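Okay, so here's the structure we're looking at.
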Amino acid sequence: MPEQSNDYRVVVFGAGGVGKSSLVLRFVKGTFRESYIPTIEDTYRQVISCNKNICTLQITDTTGSHQFPAMQRLSISKGHAFILVYSVSSRQSLEELRPIWEVIKEVKGPDLTAIPIMLVGNKCDESAELHEVSTTEGQGQAQQWGVHFMETSAKTNHNVKQLFEELLNLEKSRNVSLQVGNKTTSRIAKDKCEVM
Ligand code: GDP
Ligand code: MG
């Protein structure tokens with residue numbers, strides 16, 4: 001178990017091109033870019049509240065499947081919460097998450113219920129005929145893996161803040177929330193994706 005430090009570490013995994021960097025940049029900076037710039041590995045920091053104190057939310061945007069296995073295990077063992085991203089327009093990208101889920105289970109498991117893990121179907125803005133993975137299938141996969149589920153669009157900013165809110169709400173060993181100060185976090189309901 002990682003020690004209860006002042007950092008709360010979220011690690012984002014997924015195949016190249018599914019929108020990991022776009023989701024993180026949308027959340028941290030509020031921006032979106034159409035062009036694809038492959039990521040090495042970036043960590044973003046934000047101040048959040050943790051057991052009524054201030055702590056640092058660290059979001060690590062990984063390279064995807066090309067991460068060295070030893071580095072992958074290290075990010076998993078140091079991580080507190082995980083976002084597993086696929087693109088709803090690529091079944092292959094969902095399948096590529098399985099080995100990562102298996103390593104998480106091996107390192108953190110076998111019971112993953114206490115660990116905040118969100119399976120995320122990104123690019124839900126893309127037109128329906130491009131969708132290869134339906135919402136029901138995504139939900140089914142999440143249920144089978146014992147993780148939570150959400151559909152997002154970094155492009156239209158759909159469910160992006162909710163994704164991080166929900167993920168932090170799943171942490172039961174301490175009270176982490178995006179709100180800093182006296183304001184209490186109201187749970188934001190995740191809404192359904194509207195396909196263009
Ligand atoms: P990463 O390799 O997983 O970090 O993927 P990127 O964030 O670099 O995104 C890959 C490509 O997908 C870029 O061209 C993005 O503009 C595009 N993209 C990312 N998120 C979305 C989304 O929600 N909807 C659509 N339509 N395109 C997206
Ligand atoms: Mg990237």
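None of these values were measured; they are calculated from a predicted model. The figures here come from the full heavy-atom set of this structure, side chains too, leaving out hydrogens, waters and symmetry mates. Each ligand, and each atom within it, is numbered from 1 in the order the structure gives.
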Shortest protein contact, atom 2 (O) of ligand 1 (heavy atom only): Gly17 N, 2.7 Å

Transitive ILVMFWY side-chain link Ile48 to Val12, under 4.5 Å: yes

Heavy atom of the protein closest to atom 5 (O) of ligand 1 (residue, atom name, distance): Gly19 N, 3.1 Å

Closest contact, heavy atoms only, Val176 versus Cys50: CG1-SG, 3.4 Å

Atoms of ligand 1, numbered as shown, that sit under 4.0 Å from any heavy atom of Ser153: 23 (O)

Presence of N, O or S from Ser21 under 2.8 Å of the Mg ion (ligand 2): yes

Close N or O approach (Lys20, ligand 1; < 3.5 Å): yes

Non-hydrogen atom of Ser35 closer than 4.0 Å to ligand 1: yes

Backbone N/O of Trp101 and side chain of Trp145: donor-acceptor pair under 3.5 Å: no

Protein heavy atom at shortest distance from atom 23 (O) of ligand 1: Ala154 N, 2.8 Å

Top protein contact for atom 8 (O) of ligand 1, by heavy-atom distance: Tyr36 CD1, 3.1 Å

Polar proximity ligand 1 side, Phe32 side, N/O cut 3.5 Å exclusive: no

Short side-chain to backbone donor-acceptor contact, Lys108 and Ser77, under 3.5 Å: yes

Pairs flagged by ring-ring contact (aromatic ring centres under 6.0 Å, His included) wherever residues 38-58 is involved - sequence neighbours left out: none

Qualifying residue for side chain to side chain donor-acceptor pair (under 3.5 Å) with Ser89, from Lys123, Glu126, Glu132: Glu126

Under 3.5 Å: N/O of Ser22 near N/O of ligand 1: yes

Minimal non-hydrogen separation, Arg9 against Lys78, with atom names: NE-O, 2.7 Å

Residue selection (non-hydrogen contact nearest atom 13 (C) of ligand 1) among Lys155, Glu151, Glu126, Glu34: Glu34

Residue and atom name of the nearest protein heavy atom (relative to atom 12 (O) of ligand 1), distance in Å to one decimal: Lys123 NZ, 3.1 Å

Structural part of Ala15 in contact with ligand 1, heavy atom criterion under 4.0 angstrom: backbone

Among Asn159, Asp125, Asn122, Asn157, the one residue meeting side chain to side chain donor-acceptor pair (under 3.5 Å) with Thr152: Asn122

Location of contacts on Asp125 toward ligand 1, heavy atoms closer than 4.0 Å: side chain

Heavy-atom closest contact (Tyr8 atom, His80 atom, distance): CE1-CB, 3.5 Å

Expected output: side-chain Lys20 to main-chain Ala15 donor-acceptor under 3.5 Å: yes

Shortest protein heavy-atom distance from atom 20 (N) of ligand 1, along with the residue and atom involved: Asn122 ND2, 3.2 Å

Phe82 versus Ile76, closest heavy-atom pair with distance: CZ-O, 3.4 Å

Gly16 N/O to ligand 1 N/O under 3.5 Å: no

Protein residue, atom and distance nearest to atom 15 (C) of ligand 1, heavy-atom basis: Arg33 O, 3.7 Å

